[in-house]
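Have a look at the structure below, then the notes.
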2 protein chains.
Amino acid sequence: MKSEIEIFREFIRKKGLRNTPERETIIEEIFASHDHFDVDELYLRLKSKKKKISKPSIYRLIPYLLESGLIQEAYFEDGHLHYEHIYGHEHHCHLRCLNCGKIIEFEEKYLKKVENRLAEKYDFLVKGHKFEVLGYCPKCKAHI
Amino acid sequence: MKSEIEIFREFIRKKGLRNTPERETIIEEIFASHDHFDVDELYLRLKSKKKKISKPSIYRLIPYLLESGLIQEAYFEDGHLHYEHIYGHEHHCHLRCLNCGKIIEFEEKYLKKVENRLAEKYDFLVKGHKFEVLGYCPKCKAHI
DNA sequence: GTTTCTATTGTAAATGAAATTCATTTCTGC
DNA sequence: GCAGAAATGAATTTCATTTACAATAGAAAC
């Protein structure tokens, strides 16, 4: 299996764009952990490691990472988008508490079938899905 | 079946809050159409009907509409959230083109079962779900 | 109906994520 | 090396959303 960096290099070459040390640094940091991330948090993580990367460089890279299928928007919370890896990581869905924001991850294999059915029916090239179930966690549902 | 306004009045009374003509006007406008909406578009719709409602009033109402189960976040696009009705309207999911933003709505009954399973397994009070399938539409997939 | 308490309103200002500008730097192909 | 194009960081701008605040107006108690 190719590494994320290899996938990105290939993608960037195909698009006639250029790879740079900054981009490699950002991608390395994103895939160093298995967790979700957001721009600000990623920026601070890079900063704390003395990597001088500007926020615009991160913002400019994200559309390419999305397009290359390495990451995906996970959810919008606290006023900004959160992303998750989709290459080389088992896809998962989110059960989220509308009150406290608690997130439980779960798998749902059936959705892959739904993807395929939609791809055929609407002639889409399907890249993935986002499935969020919303409600109130055990603690919060008691107070509502 | 109760109207949306009635549901809201009940909700507001239970919370010990106050109903106002402004809130009734906003709710009326939201449920006058069956479509998704976003704050800005709703604000302009009210304005064009000579209803003097400020944007903060809309922003302040939305958390209550979410909490009362009348609406739900549909998707984040073009830098802001879009909402959809969930009370008294058939739930639907979205197939979205990552390139041009085209949206196709579809139904998927099975997800209700997933909701129930999760509610039991994690002891959540499940209020709904968001299922988005992402990819490239027939037109866009040709250029990628 | 009047009073009192406090939630809600609109206006204006503040916040903060994301995008953009621009001068400078750095790839990449020739 | 050179030329042209793309990427960078710093600073600025944009724009959705939130907040502050003074004025208004529901709603419950009297």
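Naming convention: chains lettered A, B, ... in sequence-line order (proteins, then strands); numbering from 1 in each chain.
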5' priority, DNA chain D, between A:Gly16 and B:Arg60 [closest heavy atom]: A:Gly16
Distance-minimising heavy-atom pair for A:Glu73 and A:Leu66: N-CD2, 3.9 Å
A:Leu17: side chain to side chain contact (heavy atoms under 4.5 Å, CB included) partners, not counting sequence neighbours: A:Ile12, A:Lys15, A:Tyr64
Test item: A:Arg23 side-chain N/O and A:Arg18 main-chain N/O as donor-acceptor pair under 3.5 Å: yes
Strand contacts (DNA chain D) in residues 2-13 of chain A, 4.0 angstrom heavy-atom criterion: none
Nearest heavy-atom neighbours spanning A:Lys2 and A:Glu6: CA-OE1, 3.4 Å
Under 4.0 Å protein heavy-atom contacts per nucleotide of nucleotides 25-30 of chain C, with B for base, S for backbone only and - for none: -BBS--
Within-4.5 Å side-chain heavy-atom neighbours: B:Val133 and B:Ile104: no
Exercise: identify the closest heavy-atom pair between B:Arg96 and B:Phe76: NH2-O, 4.0 Å
Test ring pair (Phe, Tyr, Trp, His ring centres under 6.0 Å) applied to A:His36 and A:His94, step by step: CA-CA 12 Å; A:His36 301 166; A:His94 303 110; 4.9 Å; yes
Contact summary for B:Asp123 and A:Pro138, nearest pair of heavy atoms: O-CG, 3.4 Å
Heavy-atom check, side chain of A:Lys51 versus side chain of A:Arg45, under 4.5 Å: no
B:His34 (side chain) donor-acceptor with B:His85 (main chain) under 3.5 angstrom: no
Between C:dT9 (P) and B:Ile53 (CD1): distance, integer Å: 8 Å
Integer-rounded Å distance: C:dT20 C1' and A:Leu61 CG: 17 Å
Five-pair end axes of the helix from C:dG1-D:dC30 to C:dC30-D:dG1 and the angle they enclose, rounded to 10°: 40°
Nucleotides 16-19 of chain C: which of its N/O atoms have a protein N/O under 3.5 Å away?
{"from": "C:dA18", "atom 1": "OP1", "to": "A:Leu81", "atom 2": "N", "distance (Å)": "3.4"}
{"from": "C:dA18", "atom 1": "OP2", "to": "A:Tyr59", "atom 2": "OH", "distance (Å)": "2.7"}

Student check: side-chain heavy atoms of B:Leu118 and B:Phe124 closer than 4.5 Å: no
Under 3.5 Å: donor-acceptor pair, side chain of B:Lys127, backbone of B:Gln72: no
A:Phe8 and A:Glu4, any side-chain heavy atoms less than 4.5 Å apart: no
A:His129 side-chain N/O to A:Glu115 backbone N/O, donor-acceptor pair under 3.5 Å: no
Outermost nucleotides of DNA chain D that come under 4.0 Å of a non-hydrogen atom of chain A: D:dG4 to D:dA11
Any side-chain heavy-atom pair of B:Ser57 and B:Thr20 under 4.5 Å: no
Closest to the B:Ser57 side chain, choosing from C:dT8, C:dG10, C:dT20: C:dG10
